[in-house]
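Convention: sequence-line order gives letters A, B, ...; per-chain numbering from 1. Just so it is clear, the model here is predicted, and its values are computed rather than measured.
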There are 2 protein chains.
Amino acid sequence: MLTVSHFRTPTVNASNRPKSFALSPGDMTQKAGVILAGALEVFTTYGYTAASMDRIAAGAGVSKSTLYSYFHDKERLFVSLIQWLTQNTNQIIFGLRTDLDPETPPDQVLRQMANAVLAEFSANQSLLTLMRLMIGESERFPDLAKTFVRTVQKPLLDHLALYFASQPQFKSLDPAVSARIFAGSLVHYLIIQNILHGRDIVPLDPDRMIDGLIYTIMAAGQSSLEA
Amino acid sequence: MLTVSHFRTPTVNASNRPKSFALSPGDMTQKAGVILAGALEVFTTYGYTAASMDRIAAGAGVSKSTLYSYFHDKERLFVSLIQWLTQNTNQIIFGLRTDLDPETPPDQVLRQMANAVLAEFSANQSLLTLMRLMIGESERFPDLAKTFVRTVQKPLLDHLALYFASQPQFKSLDPAVSARIFAGSLVHYLIIQNILHGRDIVPLDPDRMIDGLIYTIMAAGQSSLEA
DNA sequence: CAATCATACTAAACCGTCCAGTATTGTCAA
DNA sequence: TTGACAATACTGGACGGTTTAGTATGATTG
């Protein structure tokens, strides 16, 4: 269970040293959300180091005092932000996971998933931002990167692998590898097109990408090729 | 043709304003290479902003004066470094591209390629570093990201697509999409395992990954599934 | 004599702290 | 219900100490 730690209530108590709490996201103050939203934009634009706390405060429309009353320091603000995004991402992903209904044909399920992923990632910029920040700062925050893998990537891959394993059509395929191929192709596509700004350089229609991917997996599953 | 621009000769002329040249990599002084190698390590460890010019100078074993005599400023040093890495990467990739011999069976060719990619990226840390830096700084240096796509990703994808198109075994597959699936699966695998430190969290043997990937593409190619 | 080194310097930015003052909100007595 | 008061949240600005990019100066080396 992920909790947003390094978060402190704005209660400036007598000692002027407010203590911090590990709060579940529901407990988070409205102001904290405003700060995180502003921080996201600034971190997105400048990266971790170049994003100054002054700019974050300005971006969030909050005084620096308030900023520091909610978050102890820059590093823990960043960690809280990533955890916040991670939770949002998780909710989104688990929201769009088409309940692996064994009735509907697998190609429809897969297409539905792929469509949802590409649509969601294209519409919701913060998901790609999370990916980019995580990769970019993975050396400075290795533990955070592992948390990201554990709470976002692993459940998704496990879910996919479970689905591939459950369908007899794919019994000749390695479920774990198929999950990697499915997710990896889409993630790589998103990285090239949206993060590295390669849309005009290596253009590829998302529908064409999805069609080809679905066809490849379906065809491989139904093949009687010997290993 | 890629040239290492933003590079200036160490000639500190009278006006103390040495002019810069666009030099082909062969013209690059030995010292410039030393500086770039040191810069790579520091940028890798600290990221762009947190890598100070003092640390870079120290890491390269060079005085700061010399540093600035070869590179106008930090930004152009970084651009030169990326271009330098891009060229190295290109040479490596084009070096390991198994000359698309139509004689050898496709599965062997693909396996050879996948093996070479994974082996090379695991052994040569700087390739992954390049990937990580490019993604992490893609908002600060969008043009650099495009250059990366144009000079590294696009040739690789084109090369793969051409190969898929040339082999009758894959005539039922979309060559461009197959190239994306092939490269994307491997890149995503490398990102998860090596960049995001997910080896222990979502373990997957590289050979198993390659086997599954090759099988999937081969089986899909030989399938007679109707679209 | 060109290249390099070592060092010191400037001007600016940064983080985190601190504080005087201002809204906002609630409590409680009259 | 109203008015006084207290607690809390927040602002805005200033500050110390540190770090940064980039420049300048003079010594050293081959």
Quick note, salt bridge (charged side-chain N to carboxylate O under 4.0 Å, His left out) partners involving residues 40-52 of chain B, not counting sequence neighbours, are none
Check the surroundings of atom CG in A:Asp200: do more than 12 heavy atoms from other residues, nucleotides or ligands lie under 6.0 Å from it? no
Under the salt bridge (charged side-chain N to carboxylate O under 4.0 Å, His left out) definition, can you give me all pairs with a residue in residues 136-146 of chain A, not counting sequence neighbours? A:Glu137-A:Arg140
Keeping to residues at least two apart or across chains, list the salt bridge (charged side-chain N to carboxylate O under 4.0 Å, His left out) pairs with something in residues 186-198 of chain B. none
Whole Å only: how far is the NZ atom of B:Lys74 from the C1' atom of D:dG22? 12 Å
Partner set under side-chain hydrogen bond (donor to acceptor under 3.5 Å, both in side chains) for B:Thr44, not counting sequence neighbours: none
Whole angstrom is fine here: how far is it from NE2 in A:His72 over to C1' in C:dT17? 14 Å
Please give, in whole Å, the distance from C:dG16 P to A:Leu67 CG? 10 Å
Point-to-point distance, once rounded to the nearest 0.5 Å, from CE of B:Met134 to CD of B:Gln153: 10.0 Å
Taking CG from B:Leu77 and P from D:dT20, how many angstroms apart are they, rounded to a whole number? 15 Å
Return the polar atom pairs (N/O with N/O) between nucleotides 28-30 of chain D and the protein under 3.5 Å, or none.
none

Can you tell me which residue pairs pass the ring-ring contact (aromatic ring centres under 6.0 Å, His included) test with a partner in residues 193-213 of chain A, sequence neighbours excluded? none
Contact check, residues 41-53 of chain B vs DNA chain D, heavy-atom distance under 4.0 Å, returns B:Ala51, B:Ser52, B:Met53
Contact list for residues 62-72 of chain B, test salt bridge (charged side-chain N to carboxylate O under 4.0 Å, His left out), sequence neighbours left out: B:Asp54-B:Lys64
Phosphate OP1/OP2 of D:dT19: any B:Arg55 side-chain N/O under 4.0 Å: no
Rounded to whole Å, the CD1-C1' distance (B:Ile56 to D:dT20) equals 12 Å
Not counting sequence neighbours, which residues clear side-chain hydrogen bond (donor to acceptor under 3.5 Å, both in side chains) with A:Thr89? List them please. none
Quick one: label A:Thr66 by what it contacts on the DNA or RNA (base, sugar-phosphate, nothing), any heavy atom closer than 4.0 Å. base
I'd like to check the side-chain hydrogen bond (donor to acceptor under 3.5 Å, both in side chains) partners of A:Thr45; sequence neighbours left out, ordered by chain and number. none
Holding to ring-ring contact (aromatic ring centres under 6.0 Å, His included), I want the full list of residues that pass it with A:Phe141, two or more places apart in sequence or in another chain. A:Tyr48, A:Phe78
Could you tell me whether the phosphate oxygens of C:dT4, OP1 or OP2, come under 4.0 Å of any side-chain nitrogen or oxygen in B:Tyr70? yes
Would you tabulate the pairs of protein nitrogen or oxygen atoms and nucleotide nitrogen or oxygen atoms of nucleotides 7-12 of chain C closer than 3.5 angstrom?
none

